[in-house]
2 protein chains.
Amino acid sequence: MTTRRSDATRAAILAAARERFAADGFERATIRSIAADARIDPSMVMRYYGNKEGLFAAAAEFDLRLPDMAEVTPGQAGSVLVGHFLQRWEGDDTLLALLRAAVTQEGPAERIRAIFAGQLGPLAARLAPDPAQAPVRAGLVATQMLGFALCRYVLRLPPVAGLERDEAVAWLGPTVQRYLTGDLRALPRS
Amino acid sequence: MTTRRSDATRAAILAAARERFAADGFERATIRSIAADARIDPSMVMRYYGNKEGLFAAAAEFDLRLPDMAEVTPGQAGSVLVGHFLQRWEGDDTLLALLRAAVTQEGPAERIRAIFAGQLGPLAARLAPDPAQAPVRAGLVATQMLGFALCRYVLRLPPVAGLERDEAVAWLGPTVQRYLTGDLRALPRS
DNA sequence: GTCTATAATTCGATAGAC
DNA sequence: GTCTATCGAATTATAGAC
């Protein structure tokens, strides 16, 4: 029994949940509104996912799908990564839902920590001059990428929200590159 | 009548509000809990601030107190600014309250936009090679500083939360420096 | 100024018919 | 599987006594 008759309904619920959680955050997104969007009864949500936290957990499964850096020139890793992040962020509501929820809920915060440590960490470990620095380097990349997403998609700071994608890559790429592979003592030319 | 007998009470309410909003976010921080912390009756909060939004607005007044960069070598602006931000963030709950609330409330989001545009923008205008680029440069600085605060104080990503202040300045300083004064085409050495 | 009492909503969650 | 009805809890906000 790999497929159930209710799979379509469950998928509709998750899609609506991702949209609502992304747009409103965890508290303000209500089970009632999610059910209305999915055109099903609110009690179905409880039946399938137990409670609101269970629904969020199911809706917030996420894979960064980081590109294989084997075919990328080491010096281009920063730009490639920034471009990938922007694409990943704009094509899917999940990261936005996760970010909005993580600010007030411990569960989603832990999920974000797991995603960045578990998926970005290994990439940093392969690129960093000293593998022992990988966690810090991955963390620094997270500060810049999450900060950019925060300002662009959540706070909508006009100058940041208005950047074209290639402008964003041009500005953030070197930053991420330095966090991944740069020497702490090698300061950029002013 | 520049002072009122109720000023002490009002100040106690605002201090408690900042703590609760910073720790719990806008929705989960309740007027009841804030009043309990301030050891006054919940109805006093309504009397003084009208409603929950009015209370938040009063509690979230904030001045970045950016240092006068006149006495700083232009090349040190990034590090000085990063150090100042960290200090400002750790000594006051207001920015944390503002960030947590801004993720789900439009009012606080607008407040953050105003703070960064109105206070960081002018500084960027004086330091940027081309004043026309000042808004974008200030916005980029915001992405890095807010992203760092998000990862360190809200999400508590271990590698970021564990950084010493001077380590943070050493990593972020050059990034902010480049956003403020760097040439887009001058990439840092890898 | 301060407090009690309560109105008015809203929401998560449950019980149970069909 | 689907829906109705509703419970129980929590919250903002108001009215009014003292």
Side-chain angles (χ1 to χ4, degrees), chain A residues 1-60 97 100-108, chain B residues 1-60 97 100-108:
Chain A
M1 206 205 323
T2 63
T3 65
R4 281 164 298 193
R5 205 174 64 191
S6 60
D7 279 357
T9 302
R10 302 175 87 102
I13 293 174
L14 289 187
R18 273 187 282 267
E19 275 189 35
R20 281 285 176 177
F21 283 131
D24 301 336
F26 185 83
E27 283 95 354
R28 293 183 47 191
T30 65
I31 290 180
R32 286 165 152 86
S33 67
I34 290 168
D37 289 351
R39 305 198 176 206
I40 53 102
D41 193 89
S43 63
M44 290 285 89
V45 177
M46 303 301 297
R47 179 179 176 86
Y48 289 144
Y49 299 102
N51 57 32
K52 196 176 178 181
E53 286 187 6
L55 171 62
F56 184 90
R100 276 214 157 96
V103 169
T104 47
Q105 299 287 320
E106 176 55 25
Chain B
M1 212 210 312
T2 63
T3 65
R4 283 164 298 194
R5 203 174 62 191
S6 60
D7 278 356
T9 302
R10 301 175 88 103
I13 293 173
L14 289 187
R18 272 188 283 266
E19 275 190 34
R20 281 284 176 177
F21 282 131
D24 301 337
F26 185 83
E27 284 94 355
R28 294 181 45 191
T30 66
I31 291 180
R32 286 165 150 84
S33 66
I34 291 168
D37 289 351
R39 306 195 175 206
I40 53 102
D41 193 90
S43 64
M44 290 284 89
V45 178
M46 305 299 297
R47 177 180 176 86
Y48 289 144
Y49 299 101
N51 56 32
K52 196 176 176 180
E53 287 186 7
L55 171 62
F56 184 89
R100 276 215 158 94
V103 168
T104 48
Q105 299 285 122
E106 176 55 25

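So that the names make sense, note that chain A is the first sequence line, chain B the second, and so on, each numbered from 1.
- Considering only side-chain atoms of A:Arg32, the nucleotide from D:dG1, C:dC3, C:dC11 that sits closest is C:dC11.
- B:Gln105 meets the side-chain hydrogen bond (donor to acceptor under 3.5 Å, both in side chains) test with A:Arg28; sequence neighbours excluded.
- The nearest whole Å value for the distance from the CG atom in B:Asn51 to the C1' atom in D:dA13 is 9 Å.
- The distance from atom CZ of B:Arg39 to atom P of C:dT2 is 16 Å, rounded to the nearest whole Å.
- Here D:dT11 presents its P atom at 13 Å from CD of B:Glu27, a figure rounded to the nearest Å.
- Side-chain atoms of B:Thr104 and A:Glu27 include no donor-acceptor pair closer than 3.5 Å.
- Looking only at distances, no side-chain donor or acceptor of B:Arg20 sits under 3.5 Å from a matching main-chain atom of B:Thr30.
- Looking at heavy-atom distances under 4.0 Å, A:Tyr48 makes contact with sugar-phosphate atoms alone, never a base.
- In this pair, B:Phe26 and B:Phe21 present their aromatic rings parallel. The plane angle is below 30°, not in the 30 to 60° band.
- Put simply, OH on A:Tyr49 is 15 Å from P on C:dA13, counting in whole angstrom units.
- Contacts of A:Thr30 with the nucleic acid, taken as non-hydrogen atoms under 4.0 Å apart, involve only primed sugar atoms and P, OP1 or OP2.
- Rounded to whole Å, the distance from CD1 on B:Ile40 to C1' on C:dT4 is 15 Å.
- Rounding to whole angstrom units, CE of residue B:Met46 and C1' of C:dA5 are separated by 15 Å.
- Spacing between atom NZ of A:Lys52 and atom C1' of C:dA13 amounts to 12 Å, rounded to whole angstrom units.
- Here the P atom of nucleotide C:dC11 and the CZ atom of A:Arg28 are 10 Å apart, to the nearest Å.
- The side chain of B:Asp41 approaches C:dC3 more closely than any other nucleotide in the set C:dG12, D:dT2, C:dC3.
- Taking every side-chain heavy atom of B:Ile31 into account, D:dA13 is the closest of C:dT2, C:dT4, D:dA13.
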